[in-house]
Every structure is written in structure tokens, then in C-alpha cells.
Amino acid sequence: MSLFQFLASDILLKEVKNPYIEFISITEALKRDIKLSDFIINDKIDRDKKFILICDKKEHLDEMEINHDMYYSSEYAKEYSSKQYFSELKWGYTELRAKNLLII
């Protein structure tokens, strides 16, 4: 089963990034003394490409994000709404996050 949550609007919404998520490179991870698996260190991956996701707490991974660059095509979202703009909504629902969504 898939889950696709999006917001449809007549105006372009403000993007919201998760402030707790950071992407770092292998080089940065090693400088921060983050333990990496040998298969990552020994692979022929660009050591300066930022693809390692770090976050301080598991529950922070579910903080709200609103992105214009949706995982699914906006053409798919148009099947459900006649609005002009579409943004992907990523979050783990909580009552507080829902209240914050209304403020944005």
C-alpha cells in the first residue's frame, strides 16, 4: 500500500524543511567521528556527496515538510484536485503538527 499526501492550492505555498534533518558526506561523517559501515567507507562512492541523513532523535524524522518537488508527479495529484499548485506533505501526524500546518 502507498501513501501520497499533498496540498493543493490556488497560490504557491511556502516550502517547509525539516530543521532536524541534515545530509552530510562521508568526509563530514568521518570528521565528526560518526561510525560508518565498512561497505560505505570502502565503496567507490563520491566521498563528498551529501547522502548520509543524520537526525538527533527518531521522532524528529516525522517533522512536517512541504516540498514543491513532489515524489509523485503533480499530474497524478491533478486527478484529485482542480487547484493550480501542488506540494507534497511529509509528516507524522500529531495534534501539534496539525495545528502548525493550519498556521503555515
Side-chain angles (χ1 to χ4, degrees):
M1 184 165 88
S2 297
L3 176 66
F4 176 45
Q5 296 182 358
F6 67 92
L7 302 171
S9 62
D10 290 321
I11 60 169
L12 188 61
L13 299 176
K14 176 179 82 172
E15 284 197 317
V16 175
K17 301 295 181 196
N18 183 335
Y20 300 104
I21 289 177
E22 181 182 5
F23 285 92
I24 64 172
S25 67
I26 293 172
T27 303
E28 289 173 282
L30 295 173
K31 284 181 184 175
R32 295 184 190 190
D33 292 325
I34 295 173
K35 185 172 175 11
L36 300 175
S37 298
D38 289 339
F39 78 91
I40 293 174
I41 295 171
N42 298 328
D43 201 336
K44 293 183 175 152
I45 301 171
D46 179 353
R47 297 175 75 82
D48 294 318
K49 183 176 180 183
K50 296 183 177 197
F51 69 93
I52 300 171
L53 183 148
I54 60 172
C55 187
D56 62 343
K57 296 179 184 175
K58 183 178 179 183
E59 59 266 18
H60 284 159
L61 290 171
D62 290 330
E63 287 297 322
M64 185 178 0
E65 290 188 69
I66 298 173
N67 301 304
H68 298 148
D69 184 24
M70 300 194 312
Y71 177 76
Y72 292 96
S73 168
S74 61
E75 294 302 314
Y76 182 74
K78 288 178 185 178
E79 294 180 25
Y80 299 93
S81 176
S82 60
K83 299 290 184 181
Q84 182 178 2
Y85 297 101
F86 300 94
S87 301
E88 181 178 17
L89 173 63
K90 291 193 272 185
W91 67 339
Y93 175 85
T94 65
E95 191 171 328
L96 178 59
R97 289 179 186 141
K99 287 178 183 177
N100 286 338
L101 178 60
L102 295 174
I103 293 170
I104 296 171

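Computation of the quantities below employed the complete heavy-atom set of this structure, encompassing side-chain atoms and omitting hydrogens, waters and symmetry-equivalent molecules.
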Return the minimal non-hydrogen interatomic distance between Glu59 and Arg97, and the atom names on each side. O-NH2, 3.2 Å
If I take atom CG from residue Leu13 and atom CD from residue Glu88, how far apart are they, to the nearest 0.5 angstrom? 13.0 Å
Heavy-atom distance under 4.5 Å between the side chains of Met64 and Leu89, does that happen here? yes
Any link between Leu61 and Ile52 through a network of hydrophobic side chains (Ile, Leu, Val, Met, Phe, Trp, Tyr) touching at under 4.5 Å? no
When hydrophobic residues are tied together by side-chain contacts of less than 4.5 Å, even through go-betweens, does Leu36 share a cluster with Ile54? yes
Identified ring-ring contact (aromatic ring centres under 6.0 Å, His included) partner of Phe4 from the options Tyr80, Tyr76, Tyr71: Tyr76
Could you tell me which non-hydrogen atom of Glu28 sits nearest to which non-hydrogen atom of Ser25, and how far apart they are? OE1-N, 2.9 Å
Let me confirm one number: the CH2-CD distance from Trp91 to Glu65, rounded to the nearest 0.5 Å. 13.0 Å
So, taking the atom named OG1 in Thr94 and the one named CD in Glu63, what distance separates them when rounded to the nearest 0.5 Å? 7.5 Å
Step-by-step side chain to side chain contact (heavy atoms under 4.5 Å, CB included) determination, Leu7 to Leu101: CA-CA 11 Å; Leu7 302 171; Leu101 178 60; 4.2 Å; yes
Same cluster or not: Val16 versus Leu96, using hydrophobic residues (I, L, V, M, F, W, Y) connected whenever any side-chain heavy atoms lie under 4.5 Å apart? no
Is it the case that more than 12 heavy atoms not belonging to Gln5 sit under 6.0 Å from its CD atom? yes
Surrounding NZ of Lys49 (heavy atoms of other residues, nucleotides or ligands, distance under 6.0 Å), is the total greater than 12? no
Verify, without hydrogens or angle tests, whether Asn18 (side chain) and His60 (backbone) share a donor-acceptor contact under 3.5 angstrom. yes
Would a hydrophobic clustering, with Ile, Leu, Val, Met, Phe, Trp and Tyr connected at side-chain separations under 4.5 Å, put Phe51 with Leu30? yes
Asp69 atom CG: more than 12 heavy-atom contacts under 6.0 Å: no
Thr27-Asp48 side chain donor-acceptor pair, cut-off 3.5 Å: yes
Would you check if Asp43 and Ile26 make a side-chain contact, meaning some heavy-atom pair closer than 4.5 Å? no
Could you grab the distance from atom CG of Asp10 to atom NZ of Lys83, nearest 0.5 Å is fine? 4.0 Å
Applying salt bridge (charged side-chain N to carboxylate O under 4.0 Å, His left out) to Glu75 and Lys78, what does each step give before you reach the verdict? CA-CA 5 Å; Glu75 294 302 314; Lys78 288 178 185 178; 3.0 Å; yes
Grouping I, L, V, M, F, W and Y whenever their side-chain heavy atoms are under 4.5 Å apart, do Tyr20 and Leu53 come out in a common cluster? no
Measuring from atom NE2 of His68 to atom CD1 of Ile66, what distance do you get when rounded to the nearest 0.5 angstrom? 8.0 Å
Grab the two heavy atoms, one from Ser87 and one from Met70, that are nearest each other, plus how far apart they are. C-SD, 3.6 Å
Supply the atom-to-atom distance Ile40 CD1 to Lys35 NZ, rounded to the nearest 0.5 angstrom. 10.5 Å
